[in-house]
Amino acid sequence: MQIDGVITTTHRYPSCVAGAIRVDNLSAMKTEASGDVVRTTIAGTKLRSVIASVDDYLMNLAIADETCRYLQENKATGTGTVRGQHKTR
C-alpha cells in the first residue's frame with residue numbers, strides 16, 4: 001500500500017523554518033517554503049513508519065518555528081543570548 005500526504009503550515013519566518021526542518025527529512029520527504037507557508041510531502045509504504053515520521057516531523061517543526069522566531073526577533077534588537085551564556089561584543 002502506498003501512503004502519500006502533504007503537511008502545510010503557516011509561519012512568520014517560513015524560509016528559516018523550512019531550512020531548519022529540511023535537514024532531517026527522510027528520502028521520501030520534500031520540504032519547501034512559499035509565501036508564508038511551509039509544505040512538506042511525505043510518502044511511504046508502511047503505515048507505522050509514516051506515522052512515526054509525521055510525529056517526528058511535527059515535533060521538529062514546532063522547535064524550528066520557535067527557534068526561528070526567537071532568532072529573527074532578537075537579531076533586530078541584539079538581545080538574544082544562549083541560555084547559560086552572556087552576550088559578548
Side-chain angles (χ1 to χ4, degrees):
M1 167 174 59
Q2 179 66 30
I3 304 163
D4 298 305
V6 178
I7 301 170
T8 304
T9 52
T10 56
H11 301 273
R12 187 175 293 167
Y13 305 103
S15 294
C16 178
V17 172
I21 202 77
R22 190 178 292 124
V23 297
D24 286 330
N25 280 0
L26 299 175
S27 59
M29 298 171 75
K30 181 181 175 188
T31 299
E32 56 189 23
S34 178
D36 64 348
V37 169
V38 172
R39 182 171 292 110
T40 298
T41 57
I42 185 167
T45 57
K46 296 181 181 177
L47 183 58
R48 284 186 182 197
S49 295
V50 172
I51 290 170
S53 295
V54 169
D55 184 55
D56 289 346
Y57 173 83
L58 293 175
M59 180 59 71
N60 292 340
L61 183 69
I63 293 167
D65 183 66
E66 185 176 327
T67 301
C68 288
R69 188 177 315 148
Y70 176 83
L71 291 173
Q72 295 296 323
E73 291 174 0
N74 288 293
K75 181 171 34 174
T77 63
T79 59
T81 59
V82 176
R83 180 184 291 175
Q85 296 181 352
H86 298 284
K87 184 178 176 189
T88 59
R89 291 187 181 233

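Side-chain heavy atoms closer than 4.5 Å link hydrophobic residues (I, L, V, M, F, W, Y) into clusters, and following such links, possibly through other members, connects Ile51 to Leu58. Tyr57 and Val17 fall within a single hydrophobic cluster, where Ile, Leu, Val, Met, Phe, Trp and Tyr side chains are chained together by heavy-atom contacts under 4.5 Å. Cluster membership check: Ile7 does not share its hydrophobic cluster with Tyr13, using side-chain heavy-atom separations under 4.5 Å among Ile, Leu, Val, Met, Phe, Trp and Tyr.
Put simply, CG on Asn60 and CG on Asp65 are 12.5 Å apart, with the number rounded to the nearest 0.5 Å. Separation of atoms CG (Leu61) and NE2 (His11) is listed at 4.5 Å; rounding is to 0.5 Å. Asn74 contributes atom CG, which lies 12.0 Å from atom CZ of Arg69 (distance to the nearest 0.5 angstrom).
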When the side chains of residues 23-32 are checked against the rest of the protein, which donor-acceptor pairs come out under 3.5 Å, sequence neighbours left out?
unit_1 : atom_1 : unit_2 : atom_2 : d
Asn25  : OD1    : Thr31  : OG1    : 3.4
Asn25  : ND2    : Thr31  : OG1    : 2.9
Thr31  : OG1    : Thr40  : OG1    : 2.8

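Residues Gln2 and Thr45 approach most closely at OE1-CG2, 3.5 Å, considering heavy atoms. For the pair Ala33 and Pro14, the tightest heavy-atom approach, listed with the atom from each and the gap, is CB-O, 3.6 Å. Closest approach of Ile42 to Ser53, counting heavy atoms only: CD1-CB, 3.6 Å. Nearest heavy atoms, Asp4 versus Ala43: OD1-CB, 3.2 Å.
Of the candidates Val37, Thr41, Val38, Thr8 forms a side chain to side chain contact (heavy atoms under 4.5 Å, CB included) with just one, namely Val37.
Residues Arg12 and Glu73 are in side-chain contact: their nearest non-hydrogen atoms beyond the backbone lie under 4.5 Å apart.
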